[in-house]
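Have a look at the structure below before the remarks.
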Amino acid sequence: MIRFLIPVLLFLILTGFLFVGLYKDPSLIPSPLIGKPIPTFATSTLRDPGKIISDKDIQGDYALINVWATWCAACKQEHAALVYLASQLQVPIYGLNYKDDRGAAINWLKQYGDPYVINIFDENGRIGIDFGVYGAPETFLIDSKGIIQHKLVGVMTPDVWEKQFMPKINQITAALQ
């Protein structure tokens with residue numbers, strides 16, 4: 001009897017884990033960097049290899065750092081939303097061009113529009129590793145002190161902005177008052 005119960009019990013436990021996993025949002029991957037300063041870096045900008053940008057240059061009451069690349073199909077999907085949000089928001093968007101070809105990335109921005117105040121060129125992905133990037137696209141919400149307040153894994157849309165980022169900004173702003 002017990003010989004038949006063990007496989008049935010294992011099957012039910014495995015089915016339970018799979019069932020719970022179906023209802024989890026894959027974009028909500030916790031980041032150990034939430035509540036911590038952005039990683040330090042100093043590297044060239046995408047458009048000007050001679051110009052250096054560092055973590056100290058990320059400024060604004062709030063700022064977004066968007067990880068993107070030309071090889072990323074989802075980045076193409078979200079790009080129009082970023083161009084729209086950049087035109088509508090008072091929040092600067094910094095690009096982190098991740099493991100990409102400089103020429104291809106510049107051409108991309110010429111072709112589809114440039115929503116970024118400046119682009120950090122992360123050719124070998126080292127900065128992305130320090131940010132804990134799983135892949136592109138990802139977007140980080142940074143406060144005025146350079147603290148990472150929120151992370152989105154996946155495509156940024158106006159709906160995601162309204163439902164995830166604005167409540168977080170409102171929550172932080174209310175806590176400061």
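Residues: numbered from 1 along the sequence shown.
- At a threshold of 4.5 Å between side-chain heavy atoms, the hydrophobic network of Ile, Leu, Val, Met, Phe, Trp and Tyr places I34 and I38 in one connected group.
- With salt bridges taken as basic N to acidic carboxylate O contacts below 4.0 Å, one links K163 and D159.
- Aromatic ring orientation, W108 versus Y112: perpendicular (interplanar angle above 60°, classes split at 30° and 60°).
- Partner I53 forms a side chain to side chain contact (heavy atoms under 4.5 Å, CB included) with one of I118, D48, L46 and no other, that one being I118.
- In this structure, K99 does not pair ionically with E123, as no charged nitrogen and carboxylate oxygen lie closer than 4.0 Å.
- Here the side chain of Q149 pairs no donor or acceptor atom with the backbone of I142 at under 3.5 angstrom.
- For D61 (side chain) and S144 (main-chain N/O), no donor-acceptor pair under 3.5 Å exists by modelled atom type.
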Exercise for review: Would you sort out whether W68 and L82 count as a side chain to side chain contact (heavy atoms under 4.5 Å, CB included), showing the intermediate values?
Suggested key: CA-CA 11 Å; W68 70 281; L82 290 174; 5.9 Å; no
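- A chain of hydrophobic side-chain contacts below 4.5 Å, direct or via other Ile, Leu, Val, Met, Phe, Trp or Tyr residues, connects I93 to I169.
- Cluster annotation: V91 is connected to M166 through the hydrophobic network of ILVMFWY side chains, with a link wherever side-chain heavy atoms come within less than 4.5 Å.
- Judged purely by atom type and a 3.5 angstrom limit, K56 has no side-chain atom pairing as donor or acceptor with the backbone of F41.
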Exercise for review: Report the C-alpha distance between D55 and T40 in whole Å, list the side-chain angles of each, state the deciding distance to 0.1 Å, and finish with yes or no for side chain to side chain donor-acceptor pair (under 3.5 Å).
Suggested key: CA-CA 5 Å; D55 53 296; T40 58; 5.1 Å; no
**Study point:** CA sep, side-chain torsions, deciding dist, call: H150, F140, ring-ring contact (aromatic ring centres under 6.0 Å, His included)
**Key:** CA-CA 6 Å; H150 186 66; F140 296 85; 9.6 Å; no
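- Linking Ile, Leu, Val, Met, Phe, Trp and Tyr residues whenever their side-chain heavy atoms come within less than 4.5 Å places V160 and Y62 in a single cluster.
- Neither L109 nor V155 shares a network with the other; the hydrophobic side chains, linked directly or stepwise wherever heavy atoms of I, L, V, M, F, W or Y lie under 4.5 Å apart, form separate groups for each.
- Distance alone, capped at 3.5 Å, places no donor-acceptor pair between the E78 side chain and the A74 backbone.
- Ring pair Y116/Y94: centre-to-centre distance not below 6.0 Å.
- H79 places no side-chain N or O within 3.5 Å of a backbone atom of D114 that could act as its donor or acceptor partner.
- The two residues N119 and G95 make their nearest non-hydrogen contact at OD1-CA, 3.1 Å.
- Looking only at side-chain heavy atoms (C-beta outward), Y134 and K151 come within less than 4.5 Å of each other.
- One N or O on the side chain of D122 and one on the backbone of I127 form a donor-acceptor pair closer than 3.5 Å.
- The structure places CD1 of I120 at 12.0 Å from CD1 of I52, a figure rounded to the nearest 0.5 Å.
- Pairing each heavy atom of P167 with each of W161, the nearest pair is CD-O, 4.4 Å.
- In terms of modelled atom types and a separation under 3.5 Å, the side chain of D100 and the main chain of T70 share a donor-acceptor contact.
- With respect to D143 and K168, no salt bridge is recorded, no charged nitrogen being found less than 4.0 Å from a carboxylate O.
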Exercise for review: Please assess L141 against I148 for the test side chain to side chain contact (heavy atoms under 4.5 Å, CB included), listing each intermediate value before the final yes or no.
Suggested key: CA-CA 6 Å; L141 174 65; I148 298 173; over 6 Å; no
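- Side-chain contact between M156 and P137 is absent, with no heavy-atom pair separated by less than 4.5 Å.
- Annotation for Q88: atom CD counts as buried by contact number, over 12 foreign heavy atoms lying within 6.0 Å.
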